[in-house]
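We count ligands from 1, going down the list as the structure has it; atoms in each ligand are counted the same way.
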Amino acid sequence: MTTTLIKNVRAIDAQQDQVQDILMVDGKFAAAPTHLSPDEIIDGTGLQFFPGCIDPHVHFREPGFEYKEDLASGSKAALSAGVTSFFDMPNTDPPTFTRALLADKKALANEKSWANYGFYFGAGPNNQAEIEKVSGVPGTKLYLNTTTGNLKMDNEDRWREIFKLGKTVALHAEGPVFERAVQIWQECGAQGHLHLCHASLRREVELVRSLKKDPELAGKISIEVCPHHLFMTHEDREKHGAFCCMKPELATQDDLDAMWEGVEDGTIDFFATDHAPHTKEEKLSEQTFYGIPGVETFFPLLYTEFVKRGYSLSQLSAMTSANTFKNFKVQNRNGLLSHGSVADGFLYDPTIKKAINADELHSKCEWTPFEGYPLTGQLVSTWLKGELKYAKSQFHGRAEGEALEF
Ligand code: DOR
Ligand code: ZN
Ligand code: ZN
């Protein structure tokens with residue numbers, strides 16, 4: 001195992017922001033000094049070091065749609081952008097409706113994934129017994145609106161059966177459908193944790209804000225928001241057509257403002273991307289393909305806007321890492337740089353100014369809706385368990401992502 005010392009770097013996580021040395025020994029962050037002489041010493045002067053991000057909402061498309069993305073290409077794209085962990089969604093082919101199919105996905109990821117992985121379980125029309133028994137997942141994903149795949153569930157009795165199990169349920173539910181789901185969840189006793197994926201509307205943030213005021217519910221409800229709903233409105237959809245078409249769709253400036261208000265006052269718990277690649281040809285075809293890529297533009301876009309708004313970078317780290325691990329009770333990662341935490345992290349150069357260029361991205365998806373967007377800062381290198389995995393556009397070592405434990 002490699003011992004690495006990064007000297008004099010600004011170390012930023014949810015709990016600290018100070019210039020110090022970062023030492024990685026035996027795959028963990030360690031308190032300097034050590035009697036060991038490091039294999040590598042890096043001068044971190046003027047640079048920043050963050051704990052690896054987690055993107056709790058990606059579609060890496062395997063199995064079934066590997067031509068759009070797969071667990072290797074998606075996880076490499078993630079690492080190149082400081083995302084060292086991800087939760088993948090169940091709308092693959094076949095969908096993740098059984099524990100056997102979940103085990104197949106985990107086996108594939110064990111072989112192919114460069115980043116740490118978790119897999120959502122899918123709520124299907126006939127898999128109640130499987131949902132009841134499944135473990136080792138961030139939660140069950142329940143689709144209540146139309147999107148990619150055939151997972152939409154209209155039958156409210158099925159929603160009730162699922163909520164009554166008292167487990168974590170993540171919803172794709174938009175506006176009034178989310179309001180109805182919350183009502184039914186409360187009628188069922190609000191037993192498990194309810195998570196709203198990709199918030200996009202003011203009314204969703206306002207409902208969650210009011211629910212969180214109830215001490216009985218505060219710790220049981222969470223909400224994520226994606227960069228596209230923080231940076232773009234329906235005007236971008238009109239300008240860029242299918243390349244800005246996703247579900248939930250882009251909303252109004254007032255909705256976008258509500259997302260930032262939710263970030264400011266803590267109503268929004270953490271960020272996610274809903275990385276949902278489709279090929280250029282698909283996007284230009286007659287058919288509608290919902291979804292845009294996002295995992296590689298996740299951190300730099302948010303970083304740029306946090307700097308512009310003068311927000312705390314500790315809060316940025318919390319919302320791209322520690323908050324998410326905590327919300328889903330991940331056992332083997334905490335998103336912190338503290339002594340003894342697993343050494344997943346990345347070095348960031350805040351002085352570089354660059355525009356987003358799809359040619360430099362690693363996803364199989366060869367386009368981005370954020371083409372040309374000016375960024376503050378650029379990733380320098382990424383470490384997973386203390387081993388250098390990405391630097392200067394090169395990947396190092398092997399696919400060694402670990403299964404996230406719940
Ligand atoms: O735009 C979207 N694309 N929204 C979703 O909910 C699913 C995703 C996909 O899988 O393509
Ligand atoms: Zn969704
Ligand atoms: Zn999604």
Task: OD1 (Asp274) to the Zn ion (ligand 3) to NE2 (His59) angle, given to the nearest 10 degrees - done: 90°
Open item on the list: Can you tell me if, anywhere in His172, an N/O/S atom lies at a distance from the Zn ion (ligand 3) that is smaller than 2.8 Å?
Closed with: no
Open item on the list: Is His198 close enough to the Zn ion (ligand 3) that one of its N, O or S atoms comes in under 2.8 Å?
Closed with: no
Open item on the list: Pairs of nitrogen or oxygen atoms closer than 3.5 Å, one from Tyr290 and one from ligand 1: do any exist?
Closed with: yes
Open item on the list: Please check whether Gly291 reaches ligand 1 - meaning an N/O of the residue sits under 3.5 Å from an N/O of the ligand, judged on distance alone.
Closed with: yes
If you count the atoms of ligand 1 from 1 in the order shown, which ones are under 4.0 Å from a heavy atom of [X]?
{"X": "Asp274", "result": "2 (C), 4 (N), 5 (C)"}
{"X": "Ala276", "result": "3 (N), 8 (C), 9 (C), 11 (O)"}
{"X": "His172", "result": "6 (O)"}
{"X": "Met246", "result": "1 (O)"}

Between [X] and [Y], ring centroids under 6.0 Å:
{"X": "Phe231", "Y": "Tyr373", "answer": "yes"}
{"X": "Phe299", "Y": "Phe271", "answer": "no"}
{"X": "His57", "Y": "His198", "answer": "yes"}
{"X": "Phe298", "Y": "His275", "answer": "no"}
{"X": "His195", "Y": "Phe328", "answer": "yes"}
{"X": "Tyr348", "Y": "Tyr303", "answer": "yes"}

Task: Contact partition for Asn91 relative to ligand 1, non-hydrogen atoms under 4.0 Å - done: side chain
Open item on the list: Residue-level breakdown please: for Lys68 versus ligand 1, do any non-hydrogen atoms fall below 4.0 Å on the side chain, on the backbone, on both, or on neither?
Closed with: neither
Open item on the list: As a test of reading the structure, name the N/O/S atom of His57 that is nearest the Zn ion (ligand 3).
Closed with: NE2
Open item on the list: Checking a contact table here: which protein heavy atom is nearest atom 1 (O) of ligand 1, and how many Å away?
Closed with: Lys247 N, 2.9 Å
TODO: Classify the angle between the aromatic ring planes of Phe86 and Tyr117 as parallel (below 30°), tilted (30 to 60°) or perpendicular (above 60°).
DONE: tilted
- [ ] Report yes or no: does His278 have a heavy atom closer than 4.0 Å to ligand 1?
- [x] yes
Task: Basic-acidic side-chain contact under 4.0 Å: Arg158, Glu161 - done: yes
Open item on the list: Minimum distance, heavy atoms only, to atom 11 (O) of ligand 1: which one of Leu151, Thr148, Asn145, Thr147 is it?
Closed with: Thr148
Task: Whether Glu69 side chain and Lys364 backbone form a donor-acceptor pair below 3.5 Å - done: yes
Open item on the list: Is the terminal nitrogen or CZ of Lys76 (NZ for Lys, CZ for Arg) located under 6.0 angstrom from the six-membered ring centre of Phe395 and within 45° of that ring's axis?
Closed with: yes
